[in-house]
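Below you'll find the structure, written out as structure tokens, and then a few comments.
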Amino acid sequence: MNNAPHGDAPAPHADFARLRRLNARAVRDSVTLIRRMTPADLRRPTPCSAWTLAGLLAHMTAQHNGFAAAALGHGQDLSHWSVAPLGADPVAQYHDAAERALAAFATVESPDRAFALPEITRTRTFPAARAIGFHLIDYVVHSWDAARTLDLAYAPGSDLLQAALPIARAVPDGDSRLAPGSAFRPGLSLDGDTGTLEQILAALGRSPDWRTPAFRDHHPGPGCGAEGPDTTC
């Protein structure tokens, strides 16, 4: 028997449970990729050219910690979002932070639970469904960042990409993305037919054609996935 409201439309809590499952897949994809790095890889340049892989990994770890705190009602404390130096085992450190975020999300029963996300704004909170959507798009894109950095394949399922695309398209574009510290570069135009992942990347200012340059003497520089002003990803 179908108890969903409005005919075959899924109930809001069913949608929320699906969002959490898809987010967990995106996060664990990133963990799988990071497990394949070596210590020498930490010096590699990434599509976020202000960062080597070490900087990107430290950022990703901090974001998991911050979102975990937000899910547990402590997100307003900026100390939970601080980027710490990588430890002796950065892969294990990253895995633990990822699992901490997923465990915290699992405690959130309502899609309307308030999340404080002070890196976005300190003047209001976000409903859990929207906040976890932010986390999902971050880790779809950061998984691609890690894969390209390490010259590995990344092929998330179509259901994950279809969920991520409208989130990527909803991120405000414009001059604000040119400011130092902007989360994304301005959106890019794509020629011809493109896949869903490529559309997501372009919407967030990454060139799907980015490839790892030589990194022996790499020094982080401006831009995020394309030439341009200094930003983070």
Side-chain angles (χ1 to χ4, degrees), residues 25-67 81-101 119 135-156 160-161 164 168 177-178 180-188 190 195 197-198 200-233:
R25 277 175 44 193
V27 169
R28 288 179 174 138
D29 282 347
S30 73
V31 171
T32 297
L33 290 160
I34 292 300
R35 280 177 171 160
R36 296 184 63 182
M37 57 160 261
T38 67
D41 290 327
L42 290 169
R43 296 171 42 240
R44 285 178 176 256
T46 73
C48 307
S49 62
W51 288 332
T52 60
L53 183 58
L56 177 62
L57 186 57
H59 164 78
M60 293 164 66
T61 301
Q63 288 295 296
H64 286 316
N65 290 332
F67 272 90
W81 302 87
S82 62
V83 178
L86 297 177
D89 190 345
V91 174
Q93 184 179 354
Y94 180 70
H95 170 268
D96 290 348
E99 290 298 325
R100 189 176 303 120
E119 291 191 329
H135 194 258
L136 180 150
I137 193 63
D138 270 357
Y139 287 91
V140 167
V141 176
H142 284 327
S143 291
W144 179 85
D145 290 334
R148 280 299 165 91
T149 299
L150 296 168
D151 296 321
L152 299 173
Y154 175 54
L160 177 53
L161 293 178
R177 292 198 191 181
L178 295 171
S182 172
F184 303 109
R185 291 275 297 138
L188 305 176
L190 296 176
L197 178 57
E198 289 74 17
I200 292 167
L201 297 171
L204 299 177
R206 285 165 167 80
S207 170
D209 297 326
W210 190 90
R211 294 291 185 276
T212 306
F215 66 96
R216 181 182 302 276
D217 297 313
H218 175 71
H219 298 283
C224 178
E227 293 299 322
D230 187 19
T231 66
T232 54
C233 288

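- Taking NE2 of H95 as the start and OG1 of T61 as the end, the distance is 12.0 Å to the nearest 0.5 Å.
- For the residue pair L136 and A164, the shortest heavy atom distance occurs at CD2-CB, 3.7 Å.
- Residues H64 and E99 are not in side-chain contact: their nearest non-hydrogen atoms beyond the backbone lie 4.5 Å or more apart.
- Closest approach of Y154 and V140 over heavy atoms only: OH-O, 3.3 Å.
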| task | Test side-chain hydrogen bond (donor to acceptor under 3.5 Å, both in side chains) on D145 and H142 and set out the steps. | result | CA-CA 5 Å; D145 290 334; H142 284 327; 3.0 Å; yes
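- Between P156 and L161, the shortest heavy-atom distance links the atoms CG-CD2, 3.5 Å.
- By the 4.5 Å heavy-atom criterion applied to side chains, S207 and L188 are counted as neighbours.
- Taking 4.5 Å as the limit, every side-chain heavy atom of W51 sits out of range of all side-chain heavy atoms of L53.
- Taking the six-membered ring where the residue is Trp, F67 and W81 present perpendicular rings, their angle passing 60° and hence far from 30°.
- Comment: R148 does not engage D209 in a salt bridge, judged by the lack of any side-chain N to carboxylate O separation of less than 4.0 angstrom.
- Between S30 and Y139, the shortest heavy-atom distance links the atoms OG-CD2, 4.1 Å.
- In this structure the side chain of L57 never reaches within 4.5 angstrom of the side chain of V91, judged on heavy atoms.
- Atom OG of residue S143 and atom CG of residue L152 lie 11.5 Å apart, to the nearest 0.5 angstrom.
- Residues satisfying the side-chain hydrogen bond (donor to acceptor under 3.5 Å, both in side chains) criterion with S82, sequence neighbours excluded, are absent altogether.
- The minimum heavy-atom distance between A84 and A58, with the atom names listed, is O-CB, 3.9 Å.
- The backbone N or O of T38 lies less than 3.5 Å from a partner atom in the side chain of D41, making a donor-acceptor pair.
- With rounding to the nearest 0.5 angstrom, the CG atom of D29 is 11.5 Å from the CD1 atom of I34.
- Residues I137 and L204 form a side-chain contact, since some pair of their non-hydrogen atoms from C-beta on lies under 4.5 Å apart.
- Ion pairing between R211 and D151 fails under the 4.0 Å rule for side-chain N and carboxylate O.
- Looking at heavy atoms from C-beta onward, E119 lies in side-chain contact with Q63 at the 4.5 angstrom threshold.
- Counting heavy atoms from C-beta on, the side chains of L190 and P208 come closer than 4.5 Å.
- Rounded to the nearest 0.5 Å, atoms OH (Y94) and CG (D89) are 14.5 Å apart.
- Using a 4.5 Å heavy-atom cutoff, the side chains of R44 and T52 are not in contact.
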Could you please spell out the steps behind the side-chain contact (heavy atoms from CB on, under 4.5 Å) verdict for C48 and H59? CA-CA 11 Å; C48 307; H59 164 78; over 6 Å; no
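- Heavy atoms only, all atoms of each residue included: A146 and L56 are closest at N-CD2, 4.5 Å.
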